[in-house]
Amino acid sequence: MVGLLSDSTAGSVGMHAARVIADTGRVIADTANAVAAHGGDASNGNWIIEHVSNSRTLNFLPFGEIHLPVFPPFHIGGLTLDMSITKHVVMLWAVAILVFIVMKIVARGYRKSLIPGKFASAVEMVILFIRDDVVIPAMGERGRKYLPYFLTLFFFILFSNFFELVPYASTPSGNISVTASLAIIAFLVVQISGIRQYGLFGYFKGLVPPNIPLFAIPIIAIVEILGLFTKPFALCVRLFANLVAGDIAIYSFIGLIFVFGTVLVAPLAIGFALFIEILEVLVSFIQAYIFTILTALFVGMAIHQEH
Amino acid sequence: MLVQLDPGVIIWTALTFGLLLFVLRKTAWKPILKALDTREESIRQSIERAEEAKKESEKILEENRKNLARAEERAQHLIKEARELAEKVRNESVGRANAEANKVLERAREEIERDKQQAISQLHGLVAELAVKAAEKILDEAIDESKQKKLVDNFLNSLRKN
């Protein structure tokens with residue numbers, strides 16, 4: 001399969017396609033390898049699932065691969081905890097370090113003067129957007145206290161989404177455990193901010209709107225309490241599904257070349273894959289924005305319980 | 001496989017995110033947000049100051065305009081006064097000169113009159129004397145000089161009356 005690919009690159013596809021192939025080279029190399037690993041049969045999608053899933057190796061084809069350390073699982077009560085470092089954990093750390101470096105550079109830009117450089121200004125625009133158009137409209141002036149959380153959340157998700165487009169990297173946002181973790185944190189932030197605002201009893205009492213008939217109260221209460229859990233669940237699934245869908249779409253278009261077994265589909269397949277990749281840049285921003293603004297709205301609803 | 005929750009990854013994510021939040025809050029968000037607030041505050045103050053300065057300058061401009069108008073008025077007044085003064089001085093000097101000339105003229109006239117009177121009275125005497133001498137010569141016999149004189153005077157008086 002790899003041989004077929006390199007023959008075709010030099011052959012009939014032409015200069016333009018060659019450039020596009022160079023752009024998406026890592027996808028093709030990975031795909032070819034994955035397909036080869038499954039006995040050359042690309043028509044079942046297992047190789048795609050395998051590629052977007054978590055794994056215990058960092059794949060740097062053709063330079064080789066790194067096997068990540070495996071820890072023996074912990075047993076806490078009836079739970080089995082496997083704290084092994086996996087591919088997505090490494091990517092999470094990479095995201096965190098990248099966000100830290102970027103924000104450190106931005107923060108240093110303000111040390112000399114209040115008017116920062118070009119790079120810091122660009123990031124500042126996003127920070128101001130989160131502050132003035134997301135957090136404060138959703139939560140009012142009290143939102144300023146929560147700004148560090150929302151800014152970290154937004155940039156963490158954004159950079160994590162961008163990792164989908166980085167060669168050899170893999171997006172942690174495409175792992176449902178990662179998005180679930182972020183949603184659990186969001187859930188805790190919402191509940192704790194609400195309880196801190198109204199007290200434990202006052203907060204849960206405030207969930208049921210006043211002035212409703214007595215017989216409806218149990219039903220409403222159940223619906224409202226269910227709503228507390230469905231909101232972060234939706235956050236979790238939305239982010240995960242969007243990111244993993246983009247990834248799968250790209251791999252599917254590339255996989256078409258191998259399904260048809262002819263290089264003639266390559267220009268079309270790679271063109272579509274490239275289109276999806278560019279679309280994913282937009283999706284990265286939108287999903288980070290949605291996760292952040294919805295969390296801000298939920299916190300805003302929790303601390304302003306007037307119905 | 002794809003939608004299976006892995007508690008290990010959940011905990012790693014929470015730890016990573018928590019640590020990132022903790023570190024960024026201290027090292028990045030606090031200075032950045034503070035710088036933004038400071039800048040916004042300074043912009044607000046600058047605008048306020050500019051507004052104040054504008055008001056102040058407008059006031060000064062208005063005052064200047066008033067001062068200018070006042071100075072203009074004063075200048076006009078001074079010019080008018082000076083002109084009046086000059087006019088007065090000129091009139092006065094012309095008047096004085098006229099008076100002087102008149103006085104000189106008068107004096108000259110008086111002198112002439114006096115000289116004329118003197119000449120006339122001298123002429124009276126001379127004429128009387130000549131007349132007497134002429135009469136003496138004619139009569140050849142002298143009358144008493146005083147009688148003659150009286151005679152001539154009478155004659156002259158009669159002349160004058162006529």
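Just so we're on the same page: letters track the sequence lines, and every chain starts at 1.
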Q: Where on A/L92 is there a heavy atom nearer than 4.5 Å to chain B: the side chain, the backbone, both, or neither?
A: both
Q: Quick one: what part of A/V178 sits under 4.5 Å from any heavy atom of chain B, side chain, backbone, both or neither?
A: both
Q: Taking CZ in B/R39 as the centre, count heavy atoms belonging to other residues, nucleotides or ligands within less than 6.0 Å. Is the count above 12?
A: yes
Q: Chain B: which of A/T179, A/I184, A/T86, A/L182 shares the most heavy-atom pairs with it under 4.5 Å?
A: A/L182
Q: Looking at every heavy atom in both B/Q4 and A/I176, which two are closest together, and how far apart are they?
A: O-CG2, 3.8 Å
Q: Could you report the tightest heavy-atom contact between A/M83 and B/G8, atom names first, then the distance?
A: SD-CA, 3.8 Å
Q: Just how far is it from atom CG of A/D132 to atom CD of B/E40, taken to the nearest 0.5 Å?
A: 6.5 Å
Q: May I ask you to test the A/L151-B/L33 pair for a side-chain heavy-atom distance under 4.5 Å?
A: yes
Q: Side chain from CB out, backbone as N, CA, C, O: work out which of these in B/L21 comes under 4.5 Å of a heavy atom of chain A, or both, or neither.
A: both
Q: Indicate yes or no: at least one non-hydrogen side-chain atom of A/E124 is less than 4.5 angstrom from one of B/L36.
A: yes
Q: Determine the sole option in B/T16, B/L15, B/T13 for which the side chain to side chain contact (heavy atoms under 4.5 Å, CB included) test with A/S181 is passed.
A: B/T13
Q: Is B/E73 atom CD crowded by more than 12 heavy atoms from other residues, nucleotides or ligands, each under 6.0 Å away?
A: no
Q: With a 4.5 angstrom heavy-atom cut-off, could you sort out which part of A/V244 is near chain B: side chain, backbone, both or neither?
A: side chain
Q: Does anything in residues 143-150 of chain A reach chain B? List residues with heavy atoms under 4.5 Å apart, or say none.
A: A/R144, A/L147, A/P148, A/Y149
Q: Looking only at non-hydrogen atoms, find the nearest pair between A/R131 and B/D37 and report the distance.
A: NH1-OD1, 3.2 Å
Q: Can you name the nearest heavy-atom pair linking A/A180 to B/I10, along with the distance?
A: CB-CD1, 4.5 Å
Q: Any side-chain heavy atom of B/V23 within less than 4.5 Å of one from A/M103?
A: no
Q: A/L188 versus chain B, heavy atoms under 4.5 Å apart: side chain, backbone, both or neither?
A: neither
Q: Ignoring hydrogens and geometry, is there a side-chain-to-backbone donor-acceptor pair from B/W12 to A/I85 under 3.5 Å?
A: no
Q: With chain B, which of A/F74, A/F155, A/Y110 has the greatest number of heavy-atom pairs at distances under 4.5 Å?
A: A/Y110
Q: For A/L153, which atoms come within 4.5 Å of any heavy atom of chain B: side chain, backbone, both, or neither?
A: both
Q: Shortest non-hydrogen contact from B/A14 to A/I185?
A: CA-CD1, 4.0 Å
Q: Taking atom CG of A/L81 and atom CD1 of B/I11, what is their separation to the nearest 0.5 Å?
A: 4.5 Å
Q: Under 6.0 Å from the CZ atom of B/F155, do we count more than 12 heavy atoms belonging to anything else shown?
A: no
